[in-house]
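Comments concern the structure below.
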There are 2 protein chains.
Amino acid sequence: MKRNTWQREAVRDVLDSGDAFVSAQSLYSQLRDAGHAIGLATVYRALADLAGGGEADCLQSAEGENLYRACATGHHHHLICRKCGTTVEIKADAVETWAKTVAAEHGFTQAEHVVDVFGLCASCGSALRSIPPRQ
Amino acid sequence: MKRNTWQREAVRDVLDSGDAFVSAQSLYSQLRDAGHAIGLATVYRALADLAGGGEADCLQSAEGENLYRACATGHHHHLICRKCGTTVEIKADAVETWAKTVAAEHGFTQAEHVVDVFGLCASCGSALRSIPPRQ
DNA sequence: ATACTTATTGATAACGAGTCTCATTACGCT
DNA sequence: AGCGTAATGAGACTCGTTATCAATAAGTAT
């Protein structure tokens, strides 16, 4: 039987309180700093449960860290600020059908897809107006 | 000054000889098994160089491992078999413009995007015909 | 061909994210 | 309140990757 503990609630609360992707480690630090004596393993377990239950989205940062974010709605994609992590959910039916089509054209079945757009959000972008884009 | 060593060549050769994404670790094993006394660190360095120089593509597996694959052409995406790793390169101008548009609509600048499609290739798919799809 | 400079190598230590273990705790039911 | 057991948490552990640094060898000059 699934039980409700204050630890799970705490993790859920942190996720719900922000619209940016957070790593398990940083979420753990936040809770610790806030005075909650939660364990790291518990944070990982809670996040995995939330992601598995569809209450959170999970994506990998460029550094290979798993990042989580609250989300109740169905399948969608993300537009993520690579500076502050702020995220906008995107519905893109065109991309869904494109992915399915392109897979079928090459004989692939059971297609899933990873589609995320990274950039600088309006505020982070304007803060860097004088600095030339990297690369 | 950049120097040419047999180690770098060996790594490049392995990449060029296959059309599937490979991990640094497995590439290292392959070379070792083939009798080349190469060091693991060197493999990582060579792969990072190739990826940085545009000679290889890099993506992260679901387990967080970095996978590499030879590629000379410009920007493109991948259709990857999640069983055998076989990969097809995809050009998708529609997705490029979509990503740029969606970013602009939300005030995002310097947009990059991650677009990959995973599935089962024709041969892996037919091998599993009797087994129901997972999930 | 020989000497020399320094980029590259490689064994190994270090690091970091994430998982596993297992004794302890505490949720939810009766 | 009492009980069964899911959940917790400290720490050991795994594993991919990076850093260290002395030894090696590629490319150039002599």
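Proteins get letters first, then strands, A, B, ... in listed order; numbering begins at 1 in each.
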With sequence neighbours excluded, what pairs up with A/Thr42 under the side chain to side chain contact (heavy atoms under 4.5 Å, CB included) test?
-> A/Gln7, A/Ile38, A/Arg45
Sequence neighbours left out, what passes side chain to side chain contact (heavy atoms under 4.5 Å, CB included) with B/Thr97? Give chain and number order.
-> none
With sequence neighbours left out, the residues meeting side chain to side chain contact (heavy atoms under 4.5 Å, CB included) with B/Asn66 are B/Cys58, B/Gln60, B/Tyr68
What is the 5' to 3' range of DNA chain C, first to last nucleotide, that sits under 4.0 Å from any heavy atom of chain A?
-> C/dA17 to C/dG28
Please tabulate, for the side chains in residues 14-23 of chain A, all donor-acceptor contacts under 3.5 angstrom to protein atoms that are two or more places apart in sequence or on a different chain.
unit_1: A/Ser17; atom_1: OG; unit_2: A/Asp13; atom_2: O; d: 3.4
unit_1: A/Ser17; atom_1: OG; unit_2: A/Val14; atom_2: O; d: 2.8
unit_1: A/Ser23; atom_1: OG; unit_2: A/Ser26; atom_2: N; d: 3.0
unit_1: A/Ser23; atom_1: OG; unit_2: A/Glu65; atom_2: OE2; d: 3.4

For A/Asp49, all residues meeting side chain to side chain donor-acceptor pair (under 3.5 Å), sequence neighbours excluded | A/Arg8
Expected list for residues 51-67 of chain B near DNA chain C, using heavy atoms below 4.0 Å, is none
Outermost nucleotides of DNA chain D that come under 4.0 Å of a non-hydrogen atom of chain A = D/dG4 to D/dA10
Non-neighbouring partners of B/Thr101 that pass side chain to side chain contact (heavy atoms under 4.5 Å, CB included), sequence neighbours left out | B/Glu105
For the residue pair B/His77 and B/His113, does the interplanar ring angle fall in the parallel (under 30°), tilted (30 to 60°) or perpendicular (over 60°) class?
-> tilted
Nucleic acid contacts of residues 7-16 of chain A, taken as heavy-atom distances under 4.0 Å to DNA chain D | A/Gln7, A/Arg8
Could you list by number each residue of residues 27-43 of chain B showing a heavy-atom separation from DNA chain D of less than 4.0 Å, or answer none if no residue does?
-> B/Leu40, B/Ala41
One would report the end-axis bend of the helix from C/dA1-D/dT30 to C/dT30-D/dA1, five pairs per end and rounded to 10 degrees, as 40°
